[in-house]
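Every number for a ligand or one of its atoms is a count from 1 in the order of the listing.
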Amino acid sequence: MEAVETVKKEATEEFHQLTRAELFQQLEQRIRDIKAEPPIQHDPENVLEVHNLLKYFPIKTGLFSKVTAYVRAVDGVSFNIKRGTTMGLVGESGCGKTTVGKTILRLTEKTAGQVYFNGIEIHDIPKSEMRKLRPKIQMIFQDPYSSLSPRLPIAEIIGEAVREHNVVPHEEMDAYLDQVMKQCGLQPYHKDRYPHEFSGGQRQRICIARSIALKPDFIICDEPVSALDVSIQAQIINLMMDLQKQLGLTYLFISHDLSVVEHISDTIGVMYLGNMVEYASKEQIFSKPLHPYTEALFSAIPIPDPDVKMERIILEGSIPSPANPPSGCKFHTRCKKCMGICRQVAPETKEVEPGHFVACHLFD
Ligand code: SF4
């Protein structure tokens, strides 16, 4: 805090731009610092606890493929999800939402940080233990067609992992698949059909059935309705909410559609270029968005009333590349409230009211 104050005083329009080598050293130090942090205190109410998650993709150059730089896809993201609730994760394309989901699932290894699922640090357990945990954490993908094998009938698509993980005894398998399919609005006679025989909405129901058949605790939903038309979107969202109530599921709902996120979420995190810039309950964030990026994002939500004039905040300025973000606050190239310090020092995340976290120098 003292360091921030000092830099604040010294802040001028001219500042030292880090060279590529200096930035690389700074990032290496950041990785070491975060790796050295003590384990966080687990709260049994939380299904998922993510603390200072980093996912840097190395850029290798030269004859010996030496790592000389990083693409900072996820750059210190922290949040918790309480059992039986939904957290919406929003932000523009390329901000790192999907990488957060994949890193939580351990489809890609983290660079540093902590990811606790029901109190277990999932990146620290051996692969054999992770395999046992897999049924409990599932994912629903954006494109229901490409996430289903075109060569397998529906019974095989839904039942394959159920058999592999011995979720139900062999003799009960048929009855179990019928029950899961009915729960998801599919009929048992669909079992012998192939994915191409279904509409987009039905295919997404098959993906949902495949996930819940494994009796998960937690599902990562990566833009599950963005490939569907609006009427079908509502059906799928309602199905997911019904299943959440019936089965006590916890969701991480990744989307860029704010209306959908408002409908389904309990808490919302807003990401920008790999950082979580704001995190709060749905009510707090929709009634009083604090971060300038969140304000601009939320001002673009259409209002279904012809008499109300929308006051959109248009973001100007260059959009930085995730491979080469600016120093200081990554949003400063587009922020109308940018101050001298914003170009030099990355803002820390502060709790400005109970449960409402913002990373912006306006709240220092
Ligand atoms: Fe804007 Fe500065 Fe806040 Fe970044 S830290 S959002 S540049 S005011």
Taking Arg163 first and then Glu160, would you say they form a salt bridge - that is, a charged N and a carboxylate O separated by under 4.0 Å? no
Would Phe24 and Tyr70 count as a close aromatic pair, with their ring centres under 6.0 Å? yes
Would you say NZ of Lys182 has more than 12 non-hydrogen atoms from neighbouring residues, nucleotides or ligands within 6.0 angstrom? no
Do you know the tightest heavy-atom contact between Val90 and Ile268? CG2-CG2, 4.2 Å
Residues Lys110, Glu121: salt bridge by 4.0 Å N-O rule: yes
For atom 3 (Fe) of ligand 1, which protein N/O/S atoms are closer than 2.8 Å? Cys360 SG
Are Phe79 and His51 close enough that their ring centres sit under 6.0 Å apart? no
